[in-house]
Each structure stands twice: as C-alpha cells, then as structure tokens.
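Here's the structure, in structure tokens; my notes come after.
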Amino acid sequence: MAYRKERVVIASAYALSAFLLLNFVPKNKVRYAIVPFLFKQVITWIFGLLVAEKKLIQYPYRPFFRKAYKGSFCFEYFFYPTLSILYNLYYPEKKNIWIKMLYCIIHTSFVVGNEVLIVKYTKIIRYKKWKWYWSFITICISNYISHIFFRWFFNKKIHEYF
C-alpha cells in the first residue's frame, strides 16, 4: 500500500493535536488559545510558502490541497499552531531568563526532533537545501514572536490572566 507510513504519521499528527487541545487547554482559557493558533497559522503560512516555493523543502506526500499549496497543510495549519497554543499558555512568564530559554529550547527540540524523524523515515518532508537547524531557528523565532503578539494582544502582563 503506497504511502502507508505517511498516512499513519499524518493521522497521528491530527490525533495528537486534537488530544492536546482537548486535554491541555482549559475550557476557561479557550479564548486565549485561539489567538496564538491563528497567529501561528499566519507565520507558518508565510514561512511554509517561502521555503516550498524556493524549493528549500519539498513535501512529496500531501493528502490535502496538492495542487493549491506546496506546503504541508497538516503541520503548518494544525500541528504547529496547536503546539503554539501550549507554548503560549504554559510559558513560564514569572521565571528567570534561563528557564524561559530552556523552555523554548525544549519545546522547539521536541518539534524539530519529530521533524527530523519524519524526514528520515517518511516521504512527508524532504530537505532539499535545508538543514534541521534552520527549522530549529525558524520555529524558535516564530514561537517567540507568537508569544510577543500574544502578550500584546491581551494588552496586559500574561501572569494577570493565569
């Protein structure tokens, strides 16, 4: 069966995203979750379009919107934005800079580690003129930008909400 591993990985990404949203976003914090979700979709759309059009990364297996979009719909519009929600809701706002940096590194390492495994063992993502550390840098920066926007959008210090 063609693309069997790829289908399992894509389905698992959707299932994991749904599980994380249902179990780690408190019902009274849903409005705080929507902002980073939508903002991260904008960021990943821009970066995803740029790297796909410049042929830095190729997505050979795309079950949705194959002709309309060269990026990965699953990861760029659902999985990464879901992880951005968790990044923002659980950001250690009151901790020192080292804890915040460690939080960012651990969160980004989880995402990039899974991406590297997907690149190595499936046909979902192919690095052409790209390396894992570019993914690490762009995801880390986009998470930080997302958090800055999150704080700005709610116009108060984040710890006043949580």
Side-chain angles (χ1 to χ4, degrees), residues 1-25 29-91 100-150 153:
M1 189 166 166
Y3 294 118
R4 184 167 190 224
K5 286 188 292 189
E6 289 77 6
R7 290 178 193 195
V8 169
V9 170
I10 296 289
S12 297
Y14 281 119
L16 178 61
S17 297
F19 173 80
L20 292 172
L21 288 173
L22 292 171
N23 290 296
F24 292 100
V25 178
K29 305 290 189 243
V30 170
R31 77 182 196 126
Y32 299 112
I34 293 170
V35 171
F37 187 83
L38 295 174
F39 188 76
K40 186 72 166 199
Q41 284 182 330
V42 170
I43 292 173
T44 59
W45 173 71
I46 292 168
F47 279 135
L49 189 60
L50 180 69
V51 299
E53 290 296 326
K54 294 291 183 182
K55 295 182 169 75
L56 303 174
I57 296 177
Q58 187 180 38
Y59 300 94
Y61 178 73
R62 295 186 320 267
F64 304 110
F65 311 113
R66 283 184 212 125
K67 295 181 181 181
Y69 182 63
K70 291 183 180 179
S72 172
F73 180 80
C74 173
F75 292 109
E76 294 175 9
Y77 288 98
F78 201 67
F79 190 66
Y80 293 156
T82 297
L83 295 178
S84 180
I85 290 171
L86 301 178
Y87 180 86
N88 282 289
L89 288 182
Y90 294 101
Y91 188 81
K100 292 176 184 179
M101 286 174 47
L102 183 64
Y103 180 78
C104 183
I105 289 168
I106 290 170
H107 188 275
T108 306
S109 296
F110 168 75
V111 176
V112 175
N114 284 307
E115 182 177 291
V116 168
L117 292 173
I118 289 169
V119 168
K120 186 172 181 175
Y121 296 109
T122 71
K123 294 176 184 169
I124 296 172
I125 304 171
R126 286 282 176 247
Y127 289 167
K128 294 299 183 184
K129 299 174 187 171
W130 193 261
K131 300 289 183 194
W132 66 268
Y133 51 83
W134 288 114
S135 290
F136 189 91
I137 291 166
T138 57
I139 291 171
C140 199
I141 290 170
S142 69
N143 280 341
Y144 186 69
I145 291 169
S146 169
H147 187 68
I148 290 170
F149 181 80
F150 181 69
F153 187 86

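The environment of Y127 atom OH is dense: over 12 non-hydrogen atoms of other residues, nucleotides or ligands sit within 6.0 angstrom. Residue-environment remark: OH (Y121) stays at or below the threshold of 12 foreign heavy atoms within 6.0 Å. Within a 6.0 Å radius of NZ in K123, other residues, nucleotides and ligands contribute 12 heavy atoms or fewer. Taking a 6.0 Å sphere around CH2 of W134, one finds it holds 12 or fewer heavy atoms contributed by other residues, nucleotides or ligands.
Taking the six-membered ring where the residue is Trp, F78 and Y14 present tilted rings, their angle falling between 30° and 60°. Ring orientation note: the planes of F75 and F79 are nearly perpendicular, at an angle over 60° on the 30°/60° scale.
The distance from atom OG of S142 to atom CZ of F39, rounded to the nearest 0.5 Å, is 9.0 Å.
Counting all heavy atoms, side chain and backbone alike, P36 lies closest to F150 at CD-CD1, 3.7 Å. Of all heavy-atom pairs between K40 and I139, the closest is NZ-O, 4.0 Å.
With hydrogens and angles disregarded, a donor-acceptor distance shorter than 3.5 Å links the side chain of H107 to the backbone of L83.
You'll find the side chain of Y91 stays beyond 4.5 Å of the side chain of C104, heavy atoms only.
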ask   = Given the rule in the side chain to side chain contact (heavy atoms under 4.5 Å, CB included) test, do V119 and W132 qualify, once you have shown the distances and angles that lead to the verdict?
value = CA-CA 10 Å; V119 168; W132 66 268; over 6 Å; no
